[in-house]
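Inspection log for the structure reproduced underneath, given as structure tokens.
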Amino acid sequence: MALRVVQWATGGVGQAAIEHILAHPDLELVGCWVHSPEKSGKDVGDIVGSDKTGVIATHSVEEILALDADCVLYAPLLPDAGQVRAILRSGKNVVTPLGWFWPTDKERSKMEPAALEGGATLHGTGIDPGGATEQQPLFFSGLSSAITFVRGEEFSDIRTYNAPDVVRHIMGFGGTPEEAKAGPMLGLLARGFEQSVRMCLDTLGFADAEIRSSHDIAVATAPIDSPAGVIEPGRVAAQRFAWEAFIGETKVVRVAVNWLMGEENLDPAWEFGSGGERFEIEVKGDPDCSVVIHGWHPTSVTAGLLRNPGIVVTAAHCVNSIPTVCAAPPGILTFVDMPVVTGRAHPDLAG
């Protein structure tokens with residue numbers, strides 16, 4: 001019998017997740033929560049631009065909580081811990097890309113009782129597409145011994161991220177450096193990337209380490225077109241956020257994002273280098289390992305968010321995790337407690 005799945009929110013990740021759920025042989029879409037009241041009452045197919053699904057979206061949290069379902073794929077723009085606890089208490093498992101993949105003791109104490117009360121499981125799939133800043137480094141560390149350093153790092157052209165309000169008001173592009181430094185982005189990212197660092201530290205068995213964050217900025221030297229409008233000279237056009245763990249002065253973990261509005265007209269001069277847009281995984285040990293991942297970025301700056309490969313990857317990872325999460329005991333399930341999560345064959349090629 002197929003597992004009954006609810007999609008919570010229909011932004012970029014949510015729309016891609018719906019496509020994946022509908023294509024997955026072991027899953028059935030049975031509900032959809034939408035943030036906008038204007039979408040409530042519409043067939044989910046009309047929202048995502050596909051054939052009719054027979055599933056009607058709702059803006060009512062109570063309707064979703066009362067629904068008979070095995071799992072909720074929770075993917076709003078920002079997480080609400082109270083909502084997630086309510087979903088868990090209603091007896092539904094939760095898979096989300098928005099956190100709780102390596103919760104602190106304090107976070108666990110807030111979320112685990114709700115999961116146990118509902119007999120449900122909470123699983124965070126990690127930050128960045130496919131868990132590039134914690135799961136991927138840990139996976140490749142399994143091919144080495146005597147690990148001294150791991151790194152997961154993103155290099156992206158933000159001209160492809162067609163979400164003007166997010167780019168300008170949350171990410172801080174187009175504002176002054178002072179506005180970007182005082183903005184919410186560092187704090188929002190820290191919720192995830194500090195978990196990435198701690199997940200690597202704890203799983204690999206490093207000694208107590210100090211986590212240090214940094215935020216570097218480059219400004220435009222000439223007008224630059226961006227999803228948030230033209231970025232004028234002197235305004236923020238590139239940013240690097242990094243979290244690094246040190247034992248003494250020895251760096252043992254680095255996770256970072258490098259976000260550029262192209263490679264021209266920046267001060268200081270930044271560029272992606274010969275590798276272009278990519279994700280990099282590095283392990284120092286016996287032996288060393290260096291992995292470059294391509295294919296998770298759009299091929300055009302006009303591609304927009306829909307079908308953005310990085311968003312599709314994030315959604316697919318959530319959807320492919322659902323069967324394992326539904327089969328797990330109640331509580332909080334982390335990546336290191338799970339078997340390998342894989343995709344499924346294309347329906348035309350499935351046996």
Side-chain angles (χ1 to χ4, degrees), residues 11 76-81 97-99 102 104 107 126-129 132-134 151-198 200-201 209-246 249 251-273 277-280 297 301 305 310:
L77 179 61
L78 295 173
D80 182 324
L98 297 178
W102 200 253
T104 62
E107 291 168 331
I127 196 167
D128 266 349
T133 55
E134 69 285 318
R151 175 175 66 92
E153 191 156 358
E154 172 189 352
F155 299 81
S156 295
D157 189 332
I158 301 302
R159 293 179 299 173
T160 65
Y161 194 69
N162 190 22
D165 289 342
V166 174
V167 170
R168 176 63 183 90
H169 300 296
I170 297 179
M171 298 173 76
F173 284 95
T176 66
E178 292 76 20
E179 288 171 337
K181 290 284 188 180
M185 201 69 226
L186 183 64
L188 291 173
L189 291 178
R191 297 176 187 174
F193 286 116
E194 287 182 359
Q195 288 186 70
S196 296
V197 172
R198 289 189 289 101
C200 291
L201 290 170
E210 176 189 2
I211 300 176
R212 306 172 190 172
S213 64
S214 61
H215 180 193
D216 300 318
I217 290 174
V219 298
T221 59
I224 299 174
D225 288 333
S226 85
V230 174
I231 297 178
E232 300 293 344
R235 298 295 179 121
V236 174
Q239 300 185 74
R240 179 186 297 114
F241 296 88
W243 285 261
E244 298 175 320
F246 292 82
E249 290 305 311
K251 186 189 304 182
V252 294
V253 178
R254 172 181 169 87
V255 300
V257 294
N258 300 264
W259 292 340
L260 286 68
M261 289 293 181
E263 300 179 277
E264 298 179 353
N265 304 316
L266 299 176
D267 179 26
W270 287 6
E271 59 183 30
F272 294 121
E277 290 188 275
R278 66 200 182 277
F279 288 81
E280 289 186 350
H297 291 92
V301 296
L305 289 185

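Residues Val252 and Leu201 share a closest heavy-atom pair of CG2-CD2, 3.7 Å. Looking at every heavy atom in both residues, Ile170 comes nearest to Leu188 through CG2-CD1, 3.6 Å. Between Trp270 and Asp216 the shortest heavy-atom distance is CH2-O, 3.6 Å. In terms of heavy atoms, Arg159 sits closest to Pro227 at O-CG, 3.6 Å. Taking each heavy atom of Trp243 and Ser213 in turn, the nearest pair found is NE1-CB, 3.5 Å. Nearest heavy-atom pair, Ala180 versus Gly172, reported as atom, atom and distance to 0.1 Å: CB-O, 4.1 Å.
For residues 215-235, the pairs satisfying ring-ring contact (aromatic ring centres under 6.0 Å, His included) are His215-Phe241, with sequence neighbours left out. Listed by first then second residue, pairs satisfying ring-ring contact (aromatic ring centres under 6.0 Å, His included) with a partner in residues 216-240 number zero, not counting sequence neighbours.
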Show every donor-acceptor pair shorter than 3.5 Å between a side-chain atom in residues 253-268 and any protein atom, with sequence neighbours excluded, or say none if there are none.
| residue | atom | partner | partner atom | Å |
| --- | --- | --- | --- | --- |
| Arg254 | NE | Glu153 | OE1 | 3.1 |
| Arg254 | NH1 | Glu244 | OE2 | 2.7 |
| Arg254 | NH2 | Glu153 | OE2 | 3.0 |
| Asn258 | OD1 | Arg240 | NE | 2.6 |
| Asn258 | ND2 | Glu153 | OE2 | 2.9 |
| Asn258 | ND2 | Glu154 | O | 3.0 |
| Trp259 | NE1 | Glu154 | OE2 | 3.2 |
| Glu263 | OE2 | Phe272 | N | 2.5 |

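Residues Ser226 and Ile158 form no side-chain contact, since every pair of their non-hydrogen atoms from C-beta on lies 4.5 Å or further apart.
With sequence neighbours left out, the salt bridge (charged side-chain N to carboxylate O under 4.0 Å, His left out) criterion links Glu210 to Arg212. Take Thr104 and apply the side-chain hydrogen bond (donor to acceptor under 3.5 Å, both in side chains) test, not counting sequence neighbours, and it matches Glu107. In terms of the salt bridge (charged side-chain N to carboxylate O under 4.0 Å, His left out) criterion, residue partners of Glu179 (sequence neighbours excluded) are, by chain and number, Arg168. Under the rule for a side-chain contact (heavy atoms from CB on, under 4.5 Å), the partners of Asp165 that lie at least two apart in sequence or sit in another chain are His169. With sequence neighbours excluded, the residues that form a ring-ring contact (aromatic ring centres under 6.0 Å, His included) with Phe279 are Trp296, His297. Partners of Trp102 according to the ring-ring contact (aromatic ring centres under 6.0 Å, His included) rule, which considers only residues two or more places apart in sequence or in another chain, do not exist here. For the side-chain contact (heavy atoms from CB on, under 4.5 Å) test, residues two or more places apart in sequence or in another chain that qualify with Pro223 are Val230, Glu232, Pro233. With sequence neighbours left out, the side-chain hydrogen bond (donor to acceptor under 3.5 Å, both in side chains) criterion links Glu280 to Arg151, Arg278. Qualifying side-chain hydrogen bond (donor to acceptor under 3.5 Å, both in side chains) partners for Ser196, counting only residues two or more places apart in sequence or in other chains: Thr133, Glu134.
Separation of atoms CZ (Phe246) and NZ (Lys251) is listed at 5.0 Å; rounding is to 0.5 Å.
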